[in-house]
Every structure is written in structure tokens, then in C-alpha cells.
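Everything on this sheet refers to the single structure shown next.
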Amino acid sequence: MESSVHWEFLWLCILLVGNGVEGEASHQTCRSLRSFPGDQLYKTAYHFQPPKNWMNDPNGPMFYLGVYHLFYQYNPYGAEWGNMVWAHSISYDLVNWIHLDHAIYPTGPFDINGCWSGSTTILPGGKPVILYTGIDAKNHQVQNLAEPRNLTDPLLRERVKSPHNPLMTPGDDIDPKFYRDPATAWQGPDNIWHVIVGSQIKGQGAAILYRSKDFVNWTRSKHPLHSSANTNMLGCPDFYPLDTKSSEGKHVLKASFNSHDYYILGDYIARTDKFSVTTDFTSDLQYDYGKFYASKTFLDSSTKRRILWVWVKESDSESDDNSKGWSGLQSIPRNVVLGKTGRQLVQWPIKEIENLRTRNVSFQNKKLKIGSLLEVSGITGSQADVEVSFDLVNLKEAELMDPIWVDPQLLCSQKKASAQGKLGPFGFDQSRSSLREGLDKTTYGAFVDIDPLQENISLRSLIDHSIVESFGGGGRTCITARVYPKFAYDKEAHLYVFNNGTQTVRISRLNAWSMRNAQIVPVKTRREPKLHKR
Ligand SMILES: *[C@@H]1O[C@H](CO)[C@@H](O)[C@H](O)[C@H]1NC(C)=O
Ligand SMILES: *[C@@H]1O[C@H](CO)[C@@H](O)[C@H](O)[C@H]1NC(C)=O
Ligand SMILES: *[C@@H]1O[C@H](CO)[C@@H](O)[C@H](O)[C@H]1NC(C)=O
Ligand SMILES: *[C@@H]1O[C@H](CO)[C@@H](O)[C@H](O)[C@H]1NC(C)=O
Ligand SMILES: *[C@@H]1O[C@H](CO)[C@@H](O)[C@H](O)[C@H]1NC(C)=O
């Protein structure tokens, strides 16, 4: 190996606390790079990214005439937030994408200062319409409607904005800076449309509720669908039934605040617009405990799946983003279902992503002694899909959980993977993933709700250059992290399984695959819209 090659470690540790036992078992990826990374080194190979510039929230995802559509918040002029438009990409399989022209950009007094987040609703008969937040001439947030111009075009290349825009404006009690992100609307049994808009009223987060007979004339309901003292501005609300055939019953309400996406489960009755919950938003229920914000789901009508998209922000500095020329990407779409316990959601990468799997390695029943390190060779460590499960042979030896370990993130930050435990909290640590300065090196950690007597502890990780998405316990706990190794190059990326506990663990099964690149290509169909850079 050349002397200029430096080694760095990205590592994931499964640390689990539950049922009075504590233990530790981990897997690790490690890579080396020959030179300081340029723009391309951190670019992902199978995650969705625009060709350049800033992206944030996914907007209005939908399936229409055999085509998946993803819109997203985008700055046409740079790698920092600003000048927001809706960019537009389409796919036939949720893996390979074609970038089209921008879908929604400022055109009138109701959105002249920006086109912010919103959602698609499919009307009866199949017409997909979009509600989005416009920043008006007074810099107030208002809600607008846009409809496709040509319903026979599966690519939905053009839209017309409603002559009635804005359809919703903040009332006297609402600060016009806190009034945005309309969710997908739903129809009650009386055929009345319902929609929620995120806000903050008197310091409390609120999902403001509106009703309409015709989708144009909206009347605000007296009470929000939900308000919460635990949130400030209740950003990017998402509200959906867990039964895909009903608009009533058990529902999820998701809110984005404090840089995380939190959700609550409750029962919804459309006739009274009552959403009954037993708890408010808490840190216990999050889609993902890492870098993950402003997510949105849609119902894939072709497969009846509920699919979750999310913006994964960079963890590097703004000057790094400017020199890379881009910032932000999307998670691999995840299928969301209610877990068996009924207490939490479970997420899993859509199965289509497995079509990118290529060379593989696998083994079973390997003992990992104390302090051992086992290389998983033969695959591309920087672009991989890894599934591993551990059998805790010496579970009886595990320590009791210390009651002060209530915050798994804190625990993981303090203990890291070099602290000897047996089974510990589940976590991901990116603090050693880069030697570079100016990075957000938060250590993430979360509990996984499993009984290790009944099942082995499993972890799946999708590794793609600067992102690692991890799914613990079959998707019961998810952690996404960004990593920027300073010295690494693809062919020398290595993957290891390690055991830093004081007890032997057994890898019951490991399957790992190199991943092919997704095809994500631009197609220019007409001129860039004329925008005035602010
Ligand atoms: C509508 O879209 C279809 C399919 O792309 C196309 O054949 C047709 O010419 C379009 N109609 C108009 C009026 O643009
Ligand atoms: C809008 O709907 C409300 C409530 O149904 C109704 O009172 C009002 O007349 C409607 N306005 C228009 C312009 O249709
Ligand atoms: C691994 O690759 C071999 C071919 O090299 C294939 O036969 C096998 O099914 C693959 N295993 C998995 C788990 O994908
Ligand atoms: C395992 O523990 C050793 C000794 O504390 C430490 O040097 C090493 O970094 C740990 N491994 C990982 C992957 O953290
Ligand atoms: C755990 O994995 C082992 C193989 O190492 C297997 O024999 C055992 O059945 C698995 N245990 C559970 C509870 O699935």
C-alpha cells in the first residue's frame, strides 16, 4: 500500500438495550482515499440527486399513468437555499430517474417570492392536482393550486395555476411566516375535501384544518386537526390512514420540527374531524434518528404501498457545498407499514432497489470473538447493500440496563464502539468517518424494540459514498448519516464486522452486495423558466 494512503473508519454499531440486558455487536465499513475528494467523490451513485445545486424537501410525489413523479424544492442558482422552485423528475421503477424541466416557479403575485413545499391529491377520476405554498408579494405564506395542462401526458410536463390563487391566506391569528406545507387532501364520507396546513399559533404547533366542496373554495375549521405544545412551527405535516382502503381509522400524523421527523398514531373519524391520540409528539417516535427531515409519503396506487421520501441534508459546511456545487439528496424510497406490536411504524427500502445488487458475498454461523475484526471482502465497500444478523449466544451474561441510560443518543455519543459492553444501544457513529473539520459529527443512537430471546439482532445498511442508511430490527429503528472521508478511494474501500464487547457473538447470517449505479439523467424538453435571482 502506498504511504499516502490513510485509513479512516466509518462504523455502525448495533447497540441494544432492552429487557434488562445490555450488549454490543457491530459492523463497520472502512475506506481509504488517495487524494482529497473533489465534487464527484461524495456524489451518490444510486440515491436521487439533481445534477447540481441545492435541493431540499420532496414535494407532491405521485404515481400517474404508469409513471412515478417526484417534485422537490430546488435552487436553480446555487448550492445554498434560496430562489425556491419545484424541480421535477420521473421514473418507471423508483430507482432510475429522468430530470424534466421545473414544474412550478414564480409567475404571479401569489408566489412571486418563491414556490415552497406542497402535496399532490388525486381527485376522483384520476386528475392529480397540487396544493403548494407560495411566498406572495408581501412575503406572506399563502396556499395555491396548480393543475396539469394535459391529462393525457403521463409525464405531466405542464401545469396551469388556478385563477383563484391564493386559495388560502393566513387569518388574523396566524403569523404569515408560519403558514405552509399543505398536505395531501382527503375526502370524507360526505364527499367534503379536508386538508391540513402547518402552522404555529400562540407558540404551539398546529395542523390547521380546511374543508371544501370543490377544492377551490376552502373554509377554515374552528379547531386544528391537532395542536401540540411539544412543537414550534409544525412543518411539513403528513396525515394518512394505515388501512389503504379507508380514509378513516388508524392514522399517522407526521410533523417536521427540531431537525427531525416525529409522528403520532391515532384514530381518525372523518364525520367529526376528530383525531384522537394517546400521546403527543415525543422523541421516542421518529421515522429516523439520524439526518432526515421534511419527509412526505404517497400511496402507490399500482402496488398499494405507502412510500416515504425524505430530504437528507449535508453534514458538511456551506463552503464545502459551494465548492462541491451541490447540497442535499433524497433517501432511498421506503415502504412504511404499521409494526406487529401496533405501537410503531416499520420502514424498509422499496424492493426495486434490490435490482441494483450485483457481486455478493455471504456467510453464516461465524463466531466473532472478543476484539475480533472480520473483513467482508469481494464487494465495493463504498457502494453496497449489507444485511447482517447477530445471534447473542451469551445473552445470560448480559448486564442489566442502567436506568440512567434513557437517552440512547447521549449514550452512544459517550460510549462509542470502543467502550466495552455486551449489548448496548443501537447507534451509528460518524465522528471518525472523516478527519476533516467543519462537519456535523453528531453521534446518533436509538433503541430497537426487540426481544433478543425471540429473534436475532439484524441490521441492513445501504452505503452510497457519502450516505449510510441503516435499518435495525427489520426497519423498526432507522438511522441515516452522512459521511465525508478525506482519504479514500473506491477500490480500496473495505468492510469489516467487529466485536468490541466482552462476550463472543455469532454472525448468524451476512449477505452483502455491491450496488450498480442507478441511471439518473437530465432530459431537457423546453427552456429554463426565466427567474429573477434574489
Ligand atoms: C397531450 O399529451 C399527449 C401525450 O404526450 C400528446 O400526444 C398530445 O399532443 C398533448 N396534447 C396537447 C394539446 O399538447
Ligand atoms: C365558499 O364556501 C362557503 C362554505 O361552504 C360558502 O359559505 C361560501 O359562499 C363559498 N364562497 C364561494 C365564493 O363560493
Ligand atoms: C450471489 O451470487 C451468486 C452468483 O455469483 C448467486 O448464485 C447467488 O444467488 C447470489 N446470492 C445472493 C444472496 O444474492
Ligand atoms: C474497538 O475497541 C478498540 C479498543 O478500545 C478501539 O481502539 C477500536 O477503535 C474499537 N473499534 C471500533 C470499530 O470502534
Ligand atoms: C439465530 O441465528 C441462528 C444461527 O446462528 C439460528 O440457528 C437461530 O435459529 C436464530 N435465532 C432466532 C431466534 O431466529
Side-chain angles (χ1 to χ4, degrees), residues 14 16 18-19 21 23-27 46 62 64-69 88-92 98 100-101 103 125-129 146-160 340-341 348-349 351-369 372 374 376-381 383-398 422-423 448-463 472-476 495 497 499 501 503-516 523-527:
I14 297 180
L16 184 133
N19 292 346
V21 294
E24 172 174 331
S26 308
H27 98 241
Y46 64 93
M62 67 167 125
Y64 183 71
L65 299 182
V67 180
Y68 292 101
H69 292 255
H88 183 195
S89 302
I90 58 111
S91 173
Y92 298 94
I98 299 170
L100 301 179
D101 288 325
K127 183 183 188 178
V129 299
E147 307 192 356
R149 188 185 293 280
N150 179 355
L151 283 172
T152 61
D153 175 13
L155 304 190
L156 298 172
R157 274 169 286 212
E158 292 186 66
R159 266 144 296 275
V160 266
K340 281 198 197 94
T341 61
W348 200 246
K351 65 175 181 339
E352 288 90 333
I353 204 71
E354 294 168 21
N355 295 335
L356 296 178
R357 287 174 171 175
T358 164
R359 266 197 333 274
N360 71 65
V361 289
S362 69
F363 47 79
Q364 289 178 357
N365 264 320
K366 272 233 158 83
K367 273 203 175 151
L368 264 190
K369 296 213 183 86
S372 66
L374 176 70
V376 181
S377 48
I379 62 156
T380 313
Q383 204 174 311
D385 183 353
V386 184
E387 291 181 343
V388 62
S389 70
F390 296 96
D391 186 4
L392 306 167
V393 273
N394 294 330
L395 199 57
K396 286 193 287 303
E397 305 293 322
K422 291 155 192 169
L423 286 176
V448 195
D449 184 10
I450 71 166
D451 178 353
L453 291 173
Q454 299 302 320
E455 62 182 306
N456 291 326
I457 299 182
S458 69
L459 179 71
R460 177 175 180 194
S461 291
L462 293 168
I463 303 165
R476 275 168 278 186
L495 191 66
V497 189
N499 177 13
Q503 297 290 325
T504 298
V505 293
R506 185 163 56 200
I507 302 171
S508 49
R509 182 177 50 83
L510 181 142
N511 288 322
W513 294 264
S514 293
M515 294 292 271
R516 275 192 290 269
V523 166
K524 281 289 157 217
T525 51
R526 61 182 157 82
R527 288 196 317 275

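Whatever order the structure lists them in is the order used to number ligands and atoms, beginning at 1.
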Test salt bridge (charged side-chain N to carboxylate O under 4.0 Å, His left out) applied to Asp449 and Arg476, step by step: CA-CA 7 Å; Asp449 184 10; Arg476 275 168 278 186; over 6 Å; no
Derivation of the side-chain contact (heavy atoms from CB on, under 4.5 Å) call for Arg359 and Thr380: CA-CA 9 Å; Arg359 266 197 333 274; Thr380 313; 3.4 Å; yes
Hey, is [atom] touched by any protein heavy atom at less than 4.0 Å?
{"atom": "atom 12 (C) of ligand 3", "result": "yes"}
{"atom": "atom 9 (O) of ligand 3", "result": "no"}
{"atom": "atom 5 (O) of ligand 1", "result": "yes"}

Distance under 4.0 Å to a non-hydrogen atom of [X]: what atoms of ligand 5 satisfy this?
{"X": "Glu455", "answer": "13 (C)"}
{"X": "Asn456", "answer": "1 (C), 2 (O), 3 (C), 8 (C), 10 (C), 11 (N), 12 (C), 14 (O)"}
{"X": "Ser508", "answer": "2 (O), 3 (C), 4 (C), 5 (O)"}
{"X": "Gln454", "answer": "13 (C)"}
{"X": "Arg506", "answer": "5 (O)"}

Contact check: Asn511 vs ligand 3, nitrogen or oxygen atoms, below 3.5 angstrom: no
Beyond-backbone contact of Trp348 with Arg460, side-chain heavy atoms, under 4.5 angstrom: yes
Leu156 side chain reached by Met62 side chain, heavy atoms, under 4.5 Å: yes
Chi angles and distances behind the side-chain contact (heavy atoms from CB on, under 4.5 Å) call for Lys366, Arg506: CA-CA 6 Å; Lys366 272 233 158 83; Arg506 185 163 56 200; 5.9 Å; no
Flag for Ser458-Ser389: side-chain donor and acceptor within less than 3.5 Å: no
Nearest non-hydrogen protein atom, atom 3 (C) of ligand 5: Asp391 OD2, 3.5 Å
For atom 14 (O) of ligand 3, the protein heavy atom that lies nearest, with its residue and separation: Trp513 NE1, 3.0 Å
Note: Lys340-Glu455 ion pair, threshold 4.0 Å (strictly below): no
Whether Arg159 side chain and Arg157 backbone form a donor-acceptor pair below 3.5 Å: yes
Pick from Leu156, Leu155, Asn150, Thr152: the one approaching atom 1 (C) of ligand 1 most closely through a non-hydrogen atom: Asn150
Contacting atoms of ligand 3, where contact means under 4.0 angstrom from a heavy atom of Asn360: 1 (C), 2 (O), 3 (C), 8 (C), 10 (C), 11 (N), 12 (C), 14 (O)
Stepwise side-chain contact (heavy atoms from CB on, under 4.5 Å) check, Trp513 with Thr358: CA-CA 6 Å; Trp513 294 264; Thr358 164; over 6 Å; no
